[in-house]
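See below for the structure under consideration.
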Amino acid sequence: MLGPCTGKYNAAIMKTLISVVCFTVISCAIAAAQDGVKVAPENYKVLLDNTHVRVVNFTLKPGQKSPMVARPNRVIYAITPAIGKLTGSDGKTIAMNRKAGEAWWRDAESLAVENTGKTEIHTVVVELKN
C-alpha cells in the first residue's frame, strides 16, 4: 500500500527528470552549433580573416543541408538566388527567399540551412568580430 505522500514524491521526481532532459537537449544543441568552416569545409571557405572580420564563401547544392553552426553578427550577400529553409537551435524554421545581388543583416545565432531551391546557393558572408 502506498502512503499519502507518494504522489508528491513522484511528481517531484518527474519535475526533476524533465528539467534534466531539457537541460541535456539544450546543451546538445549548443554543443552541436560549431564553426561551419570546421564542421562543413565543403560548404564554407574562408576568404579573409583578420581582427575585425572574417569573410566566408558559402555554397550549398540543391537538396543539401548544412549542419547547425554558430554564426556571429553578419552581413550576407547573395551571389545567386538563395532559396531554402533556416532552422534555429530552438527547432523553429523559416523560409529564405533571397535574390541574387541582395544583401541582408543577421544577428548572432545558431542555424542550420537547407537548400530547397533548384540551383546552388552561393553567398559571401562577412562575419563581424567583437
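Values below: all heavy atoms of this structure, side chains included; hydrogens, waters and symmetry mates excluded.
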How long is the span from the [atom1] atom in [X] to the [atom2] atom in [Y], to the nearest 0.5 Å?
X    : Y   : atom1 : atom2 : result
T116 : K65 : OG1   : NZ    : 11.0 Å
S110 : Q34 : OG    : CD    : 10.0 Å
L111 : S89 : CG    : OG    : 8.5 Å

[X] and [Y]: same hydrophobic cluster, using ILVMFWY side-chain contacts below 4.5 Å?
X   : Y   : answer
I76 : L47 : no
V56 : V53 : no
V55 : I79 : yes
V39 : F58 : yes
I94 : M96 : yes

How about [X] and [Y]: do any of their side-chain heavy atoms sit closer than 4.5 Å?
X    : Y    : answer
L48  : V46  : no
T59  : H122 : yes
K92  : T87  : no
R71  : V113 : yes
W104 : V75  : no
K99  : P81  : no

Which atom names give the shortest non-hydrogen contact between P72 and L128, and what distance separates them?
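Here P72 and L128 meet closest at CB-O, 3.9 Å.
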Test side-chain contact (heavy atoms from CB on, under 4.5 Å) on L86 and R106 and set out the steps.
CA-CA 12 Å; L86 309 176; R106 298 269 324 174; 3.9 Å; yes
Go through the structure and list residues passing side chain to side chain contact (heavy atoms under 4.5 Å, CB included) with N115, not counting sequence neighbours.
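Side chain to side chain contact (heavy atoms under 4.5 Å, CB included) list for N115, sorted by chain: L60, P62, I121.
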Under the side-chain contact (heavy atoms from CB on, under 4.5 Å) criterion, do Y44 and V69 qualify, and how do the steps go?
CA-CA 11 Å; Y44 298 86; V69 297; 3.5 Å; yes
According to side-chain hydrogen bond (donor to acceptor under 3.5 Å, both in side chains), does anything in residues 72-81 pair up with another residue at least two apart or in another chain? List the pairs.
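Pairs touching residues 72-81 that pass the test: R74-E109.
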Which residue pairs pass the salt bridge (Lys or Arg N to Asp or Glu O under 4.0 Å) test with at least one member in residues 41-51, sequence neighbours excluded?
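Every salt bridge (Lys or Arg N to Asp or Glu O under 4.0 Å) pair that includes a residue of residues 41-51, provided the two are not neighbours, is D49-K129.
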